[in-house]
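A note on names: the letters A, B, ... follow the listed sequences, proteins ahead of strands, and every chain is numbered from 1. Predicted model, so just to flag it, every value in this text is computed and none were measured. Only this structure's heavy atoms are used, side chains among them; waters, hydrogens and symmetry mates stay out.
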Protein chains: 2
Amino acid sequence: MGRKQTKSGKIRLTEVAKLAGVSPITASRFFRNPEALSLSKRERVDSAVKELGYVPNLAARALASHRTEVIGVVIPSLTNNVFADVLRGIYDSSEGSRYTIQLANTRYSILQEEKLLRLFRAQKPAGLIVTGINQTAESRTILESMNCPVTQIMEIGDSPVDMMVGFSHYDAASAAISHILEQGRRRIGFLGARMDPRVQRRFEGYRDAMKAASLFDPNLIVTTSVPTTVTLGGTLFADLLAQTPDIDAVFCVNDDLALGVLFECQRRQISIPRDLAIVGFNDLEFTAAAVPSITSVRTNRYEMGRHAVTMVIDAIEGRRPQTPVLDLGFQLVVRESSTRQSTVMAGSVGID
Amino acid sequence: MGRKQTKSGKIRLTEVAKLAGVSPITASRFFRNPEALSLSKRERVDSAVKELGYVPNLAARALASHRTEVIGVVIPSLTNNVFADVLRGIYDSSEGSRYTIQLANTRYSILQEEKLLRLFRAQKPAGLIVTGINQTAESRTILESMNCPVTQIMEIGDSPVDMMVGFSHYDAASAAISHILEQGRRRIGFLGARMDPRVQRRFEGYRDAMKAASLFDPNLIVTTSVPTTVTLGGTLFADLLAQTPDIDAVFCVNDDLALGVLFECQRRQISIPRDLAIVGFNDLEFTAAAVPSITSVRTNRYEMGRHAVTMVIDAIEGRRPQTPVLDLGFQLVVRESSTRQSTVMAGSVGID
DNA sequence: ACAATTATTGACAGCGCTATCATCGGATTG
DNA sequence: CAATCCGATGATAGCGCTGTCAATAATTGT
């Protein structure tokens, strides 16, 4: 294909139409709505496209049609492994479709988010995927004025802007705490970093579960707004230990912190799980390999990315989902760090 | 700003020009080459833009000017932490510029890379950033026919397509092996996964350093084409141990493998560094937190991303770099896993 | 002072595609 | 068999911006 391309000048839709013996507008329709063409013309245009190696000019298309084929994606972090998985799902799903992904990073700043959304609006994207449900009022207004399908990802809640895919961080944290309580632990510490809205919700799940068991104690809690690192996990744990030496378990808002705690325990000769149970969140790959392996909450991030794109594309093309909010659930993966036996317990109902 | 926007219809450049009392083409120049305007007109257009909340139509601009303001970025993986850092640098650097990043993922497939490059070429990007120096002949041809600045990242070599930013994986691996040898270790194992071209080059650095010391032995090597995981590190190490029980050190092509080895050693009660030295690669954050902390090779990935974008933008705008190949070097970060004392030794000369 | 040069500015004509509406057979219908 | 409808196709007219080149104003040299 494309052998004429180099020979002569540019291949425009006009050239394709000429070769196929149809009008340019018919050739145009071949791309947008092939079913509208008679079989014979469809085939003629198809072979002309291949013969000439025609590639559509997206700028011209966007200008004439007043729309782009861009799906904007707004995420808070490029470093966080969690988003890498989501992004992989997003890119995988968009591949093969006509849509292009445009990525933007808020760095957890809601002002930056507003700015980015404004930028996106100016570009008239075909669809939008945004992280979380805690947009500012202004951001919500922008999203609602977008005039394109919007999917919120990572968590679910009432009043979606449009559609949602995610899971309940509150429930996931509650499930983790229930598990720890079932193991007979009573003094369960909470370690949190960054404290973005989703982490906040995990905290609430922890808090309410502890209160329900009449075990809540502010001294069990250590948090910081500093971004998560493994090293930080160790530091926070040291702080917790200094503050409340009699803890018998720690719930970490993510696996990196949990790994940091594990290392710190090795340093201090605290035996896991004998002296202390550790539970993480996200089920990153290393949790299974650690010694002891770390109990964590698996979330279906790759699937989340895939679904988000599918939902947006479907909506763009008029196939609105039956229900706008999709709960992908979670699974508590019990490993050695919180018990002796390794099993998997299902969380809320997923898709899979 | 933008208060007229909602009131009446679309704000086009014409409207701005009218309000500023200039011709549309002058208003257009305000964006492309403000220095060409007289101060008075420049100010008038500027305030008209703000007054009307004008936002340029990028599609129209691209169509009329035959160029886009897109910088394409081709990377092999979205999952690999290493690329997350590079991407962060890329996005950070592109912010504030007029250019937009368009990301594409080859998944380590050179055919996919060819396909993506063809796609990019059709879109006439303003610049391109591609990973590595091992493009197929076909890919190189496409890159050379791009007619835009191209920067190859992650490694350096002779014969850049255009520009390069990276470091020598060969030298970095050699430096790591030299260090291990200096510690008095002689039976140094090599653990490799994925074996992409850069990993291959690290292997060559290992191989040649071992040969130079007359210590090379094929039985010291275990590799696989399977993607890296922490768990895999443990598995490969077990294989190595079965194959060659008398090893006294392991060089892992990345930190995930090294962590896996560390865990496997904990499982087998192999004392680090007494019985075995471990050295990783990339200096991911957890290496410093591990117990014992893991010696690794620090590479300047974030800077690499930043430089790549800067170089491309500079080249687009006619400011070609003095030298097309930028070596960002590496630093061997010596930690407990390979010695008793913790120090940093400088590798090849960096920028910083 | 006047031609030559250089900064500013503008007119014109598209870029390549698609929205819109018109057209035109042929199938459907009573 | 005329009236009606529908599917398939085409003609026209831009979308909003910038490349090109010409025109004009300001500046300079001799």
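Note on B/E95 versus A/R107: salt bridge recorded, some NZ/NE/NH1/NH2 to OD/OE distance being below 4.0 Å.
Of the side-chain N and O atoms in A/K41, one or more sit less than 4.0 angstrom from OP1 or OP2 of D/dT9. Contact annotation: B/S38 side-chain N/O to C/dT8 OP1/OP2 distance is not under 4.0 Å. The side chain of B/S28 places no N or O atom within less than 4.0 Å of a non-bridging phosphate oxygen (OP1 or OP2) of D/dC17. A/T26 has a side-chain polar atom (N or O) that falls below the 4.0 Å cut-off from OP1 or OP2 of D/dG10. An OP1 or OP2 oxygen of C/dC17 is reached within less than 4.0 angstrom by no side-chain nitrogen or oxygen of A/R61. Between B/S23 and C/dA11 there is no side-chain polar atom (N or O) within less than 4.0 angstrom of OP1 or OP2.
Judged by distance alone with a 3.5 Å cut-off, no donor-acceptor contact links the side chain of B/R67 to the base of D/dG19. Contact of B/R29 with D/dG19 (side chain to base): no donor-acceptor pair of N or O atoms is detected under 3.5 Å.
Taking every side-chain heavy atom of B/L13 into account, D/dT18 is the closest of C/dA19, C/dT9, D/dT18. Of all nucleotides listed (D/dG19, C/dT9, D/dG10), D/dG19 comes nearest to the side chain of B/R32. When the nucleotides C/dA19, D/dT9, D/dG16 are ranked by their closest atom to the side chain of A/L37, D/dT9 comes out on top. Picking from C/dC17, C/dA19, D/dG16 the nucleotide with the shortest atom distance to the side chain of A/I25 gives C/dA19.
A/R44 places its CZ atom 9 Å from the P atom of D/dT9, with the value rounded to the nearest Å. As rounded to whole Å, 14 Å separates atom C1' of D/dG16 from atom CG of A/N57. Taking atom CG on B/N33 and atom P on C/dA7, their separation rounds to 12 Å, with Å as the unit. Atom-to-atom, CZ of A/R42 to P of D/dG7 comes out at 14 Å; the value is rounded to the nearest Å. In this structure, NE2 of B/H66 is placed 12 Å from P of C/dC17, rounded to the nearest angstrom. Here the P atom of nucleotide D/dG16 and the CD1 atom of B/I11 are 11 Å apart, to the nearest Å. The separation between A/R12 atom CZ and C/dG14 atom C1' is 11 Å, rounded to whole Å. Rounded to an integer number of Å, the gap from CD of B/E35 to P of C/dT9 is 13 Å.
Each of B/F31 and A/A64 has a nearest nucleotide on DNA chain D; the 5'-most of these lies closest to A/A64. Nearest-nucleotide mapping onto DNA chain C: of B/L63 and B/A36, the residue sitting toward the 5' end is B/A36. Between B/S40 and B/S65, the one whose closest nucleotide on DNA chain C sits nearer the 5' end is B/S40.
Under 3.5 Å, the side chains of A/R306 and A/T310 contain no donor-acceptor pair of N or O atoms.
The closest donor-acceptor contact from the side chain of A/T131 to the backbone of A/V74 lies under 3.5 Å.
Annotation: A/N33, atom CG; neighbour count of heavy atoms from other residues, nucleotides and ligands within 6.0 Å is above 12.
Shown are A/Q152, A/E114, A/R140; of these, the side chain to side chain donor-acceptor pair (under 3.5 Å) with A/Q135 is made only by A/Q152.
Using a 30° and 60° split on the angle between ring planes, A/Y54 and A/F31 fall in the tilted class, from 30° to 60°.
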